[in-house]
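Taking it in order: structure first as structure tokens, then the write-up.
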Amino acid sequence: MALFANDAKTGVNTFQDLPLVNPGATLLVSADVKCTNVVIGAKPWSLARIILAQNDGEKDRWDLPHTVVALAGTTDWKHYRTAFTISPETKSIRLFAQLSQSTGSLQIKNLRSYPVHVNQAYIWARAIILSAWSAFFLLLAGSCLFIRGKTILFRALLLTTFIAIIAGISLPGDLKNQVSDEVKVQIDAESESFKTAIPWDLSKVWHFCFFFLFGLILCLMMTKESIIHAAAIILMLAGGTEMAQLYIDGRSPLITDFFIDAVGGLLGITLIKLSSTNKNTVQSAYNQ
């Protein structure tokens, strides 16, 4: 499927009515999407989009989660998958592909929607495993925060970075994609030079930067510990965050994300260790 629009006042829109599923059921929508030269319109939602509209018999419920993907600018083929919970008030479901009062082209392939049955065993397993990982994260944070001899500022910075990492992995897939896409749209609209300078997936940049910052602060706090101790904490946190995403709606663990997290954290540790080594070398030379 390919959509093209040259007039932002009208855009282009196509839809398909979907069979109604039981209230409370989970409907999974997936597609491979590519967009080219999409220029956003006057409204924040004037983008290249795939959306799922639940109608209550009178109107489409835009207050319910509905965005599968929303894009601007030019992006290569990427797979998107989002799960939606069907409201008890829903009378009909419609899947839209559109250039909503925007211009450019939107290409879609492998568009699928199908209900997903979540059995009770999975619900209990998810609750137990996420609780276990939460306890692990708390113990890991506690072991870092209660290092003796460090100021409240260091502890506050480390805790803030840790919370940011956990909050990021806890976002459901649809909300994570929505936040990431909205940030990307703003960057595309405000700064073409910044977009050119940083062409990567913003979520990957987020992974790297926060783990880099976490590694920096952690190493500053663990001055009396070996680098292996700090590196082990980084690797456990990187691995734990990815494994936890097995049980977060719309998310999945990726080995690439693990390596991005690990490289960011280890680079932060390495920079602090190198700076400390250089400082000691200069100090020794000065004393002589």
Side-chain angles (χ1 to χ4, degrees), residues 1-18 27-56 58-87 90 92-113 168 171-206 249-250:
M1 179 192 304
L3 304 179
F4 303 91
N6 296 318
D7 185 357
K9 293 181 179 180
T10 57
V12 64
N13 185 76
T14 185
F15 65 86
Q16 179 180 355
D17 290 316
L18 301 181
L27 189 65
L28 190 66
V29 180
S30 65
D32 297 316
V33 181
K34 175 183 179 180
C35 69
T36 305
N37 298 326
V38 173
V39 179
I40 63 174
K43 302 295 185 180
W45 56 84
S46 299
L47 305 161
R49 306 194 300 172
I50 299 176
I51 54 178
L52 184 83
Q54 299 186 48
N55 191 288
D56 61 7
E58 296 181 0
K59 62 183 184 302
D60 289 332
R61 293 285 305 277
W62 301 120
D63 56 317
L64 298 173
H66 57 272
T67 303
V68 179
V69 58
L71 299 171
T74 298
T75 63
D76 203 356
W77 287 107
K78 184 177 178 181
H79 184 72
Y80 294 88
R81 184 181 65 178
T82 305
F84 301 93
T85 300
I86 303 305
S87 169
T90 297
S92 63
I93 306 171
R94 182 170 285 181
L95 187 62
F96 290 87
Q98 58 183 208
L99 286 160
S100 174
Q101 297 184 347
S102 56
T103 60
S105 70
L106 173 66
Q107 294 174 261
I108 303 168
K109 61 183 182 181
N110 301 324
L111 180 60
R112 298 184 178 93
S113 63
L171 287 177
D174 56 344
L175 184 56
K176 178 247 184 185
N177 289 335
Q178 183 178 350
V179 171
S180 181
D181 291 339
E182 286 179 358
V183 172
K184 184 178 184 299
V185 166
Q186 293 301 318
I187 290 175
D188 292 347
E190 298 295 334
S191 177
E192 187 67 28
S193 60
F194 186 80
K195 173 189 171 184
T196 303
I198 304 183
W200 315 298
D201 186 336
L202 287 177
S203 66
K204 310 304 181 187
V205 176
W206 180 91
D249 293 339

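Just so it is clear, the structure is predicted and the values come from calculations on it, not from any experiment.
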Spacing of Gln54 atom CD and Leu27 atom CG [to the nearest 0.5 Å]: 8.5 Å
Locate the shortest heavy-atom distance separating Trp206 from Gly168; write the atom from each residue and the value. CH2-CA, 3.5 Å
Looking at CG of Leu95 and CG of Leu111, how far apart are the two atoms once the value is rounded to the nearest 0.5 Å? 5.0 Å
Any side-chain heavy atom of Arg81 within less than 4.5 Å of one from Leu28? yes
Is there a side-chain contact between Gln16 and Phe96, using heavy atoms and a 4.5 Å cut-off? no
So CG of Leu106 and CZ of Arg49: to nearest 0.5 Å the spacing works out to 11.5 Å
Taking atom CD of Gln98 and atom CD1 of Ile50, what is their separation to the nearest 0.5 Å? 10.0 Å
Under 3.5 Å, is there a donor-acceptor pair between the side chain of Asp60 and the main chain of Trp62? no
Are the side chains of Tyr80 and Leu71 in touch, meaning some heavy atoms are under 4.5 Å apart? yes
If you measure from CG on Leu18 to OG on Ser113, what distance do you get to the nearest 0.5 Å? 4.5 Å
Give a yes or no on this: more than 12 heavy atoms of other residues, nucleotides or ligands lie within 6.0 Å of atom CG of Asn6. no
Run the side-chain donor-acceptor check on residues 30-42: report pairs under 3.5 Å with partners two or more places apart or on a different chain.
from  : atom 1 : to     : atom 2 : distance (Å)
Asp32 : OD1    : His79  : ND1    : 2.9
Asp32 : OD2    : Asn110 : ND2    : 2.6
Asn37 : OD1    : Thr74  : OG1    : 3.4

Would you indicate whether the side-chain heavy atoms of Val29 and Phe84 approach each other to under 4.5 Å? yes
Which heavy atom of Ala8 sits nearest a heavy atom of Thr103, and at what distance? N-CG2, 3.5 Å
Could I get the full list of side chain to side chain donor-acceptor pair (under 3.5 Å) partners for Asp63, not counting sequence neighbours? Arg61
Which pair of heavy atoms, one from Ala5 and one from Ser102, lies closest together, and at what distance? CB-O, 3.5 Å
Could you tell me the separation between the CD1 atom of Ile93 and the OG atom of Ser87, rounded to the nearest 0.5 Å? 10.0 Å
